[in-house]
Amino acid sequence: MSAPAPESRLAELPGDLMIWVLIVSELLVFGAGIVAFLAVRTTDVVGFAEAQDLLDRTAGGINTAVLVTSGLCAALASRLRLAERRLAARLWLGAAGLLGGLFLWVKAVEYEAKVSAGIGTETHPFFTFYYLLTGFHAAHVVAGIIILALIAWRDSPRNLESGTAFWHMVDLVWILLFPVIYLLR
């Protein structure tokens, strides 16, 4: 028995091929940012640890739970749409989007606390990376919320598969960023 042709394996991906090109490219960008963060961290481990102690780990943990839950909501929406339960799918997409909004609100509160304390991108290289990586991620959350709204409106199963795949990428990136930025000593 021979292996399936590469074209047939690509056809098995949920959603559209171009969303996977986008997802892989975004994961590479975030991966490069994390590698750069870790490389610079090796030059000042103590300074990075001291700067890290100024973060609100509880807020980061809450945001982790919020995004993982939003990913579950998006997955449920996709499954419900495949079962032709369109209204229920739309409601779960709305829940995922609202949780994305909650994530952004928690992140904004966290940013405001840092700025009020005089902590900016120039304070320490740790904070340069912190604002760059978490801000770039927050921009992806905004894009994901827009995508979730669009796929709730144009709710074909293929659109849901593509949009929820993007949303899961946003979740995955946060699951990688949270321990590296907030917890790694």
Side-chain angles (χ1 to χ4, degrees), residues 13-15 19-76 78 95-148 162-185:
L13 284 173
I19 198 71
W20 289 101
V21 170
L22 174 67
I23 287 169
V24 169
S25 66
E26 293 300 317
L27 288 173
L28 290 171
V29 170
F30 277 106
I34 290 170
V35 167
F37 172 86
L38 293 171
V40 174
R41 181 181 171 274
T42 63
T43 66
D44 184 13
V45 175
V46 172
F48 267 62
E50 289 170 353
Q52 184 187 56
D53 285 339
L54 299 174
L55 294 183
D56 185 345
R57 288 182 179 92
T58 301
I62 289 168
N63 265 348
T64 302
V66 165
L67 274 188
V68 168
T69 304
S70 75
L72 172 63
C73 293
L76 290 171
S78 189
L98 287 172
L99 288 168
L102 177 59
F103 175 93
L104 293 171
W105 178 76
V106 171
K107 182 53 59 192
V109 168
E110 199 177 351
Y111 283 164
E112 193 278 326
K114 297 291 160 280
V115 170
S116 293
I119 300 170
T121 58
E122 301 296 318
T123 304
H124 186 275
F126 173 88
F127 286 107
T128 304
F129 281 104
Y130 166 76
Y131 283 113
L132 179 69
L133 291 170
T134 62
F136 191 49
H137 178 264
H140 282 75
V141 173
V142 170
I145 291 169
I146 293 168
I147 289 169
L148 291 174
S162 295
T164 56
F166 181 86
W167 193 247
H168 292 313
M169 182 271 301
V170 172
D171 294 345
L172 173 62
V173 167
W174 184 256
I175 289 169
L176 297 172
L177 285 177
F178 173 65
V180 168
I181 293 175
Y182 287 80
L183 305 176
L184 182 68
R185 298 305 261 175

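These figures come from a predicted structure and were not determined experimentally. We number each residue from 1, following the sequence as shown.
Of the possible polar contacts, one joining the Ser70 side chain to the Leu67 backbone as a donor-acceptor pair under 3.5 Å is found. Between the side chain of Arg57 and the backbone N or O of Leu183, no donor-acceptor pair lies under 3.5 Å.
In this structure, His137 has its ring center at least 6.0 angstrom away from the ring center of Phe178.
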Run the side-chain donor-acceptor check on residues 23-34: report pairs under 3.5 Å with partners two or more places apart or on a different chain.
unit_1 : atom_1 : unit_2 : atom_2 : d
Ser25  : OG     : Val21  : O      : 3.2
Ser25  : OG     : Leu22  : O      : 2.8
Glu26  : OE1    : His140 : NE2    : 2.5

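Gly71 approaches His168 most closely through the heavy-atom pair O-CE1, 3.0 Å. Closest of all the heavy-atom pairs between Ala165 and Trp20 is CB-CZ2, 3.9 Å. In this structure, His124 and Asp44 approach most closely via the heavy-atom pair NE2-OD2, 2.9 Å.
Scored by the side-chain hydrogen bond (donor to acceptor under 3.5 Å, both in side chains) test, Thr43 finds no partners at all (sequence neighbours excluded). Every residue meeting the salt bridge (Lys or Arg N to Asp or Glu O under 4.0 Å) condition with Lys107, not counting sequence neighbours, appears here in chain and number order: Glu110.
Partner of Tyr130 under the side-chain contact (heavy atoms from CB on, under 4.5 Å) criterion, out of Leu54, Thr123, Leu177, Ile181: Ile181 alone. For the side-chain contact (heavy atoms from CB on, under 4.5 Å) with Leu99, the qualifying choice from Val68, Leu148, Val66, Leu72 is Val66, the only one to do so.
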(message) I'd like to know whether Val40 forms a side-chain contact (heavy atoms from CB on, under 4.5 Å) with Thr128, so could you lay out the CA-CA distance, the side-chain angles of the two residues, the decisive distance to 0.1 Å, and finally the verdict.
(response) CA-CA 11 Å; Val40 174; Thr128 304; over 6 Å; no
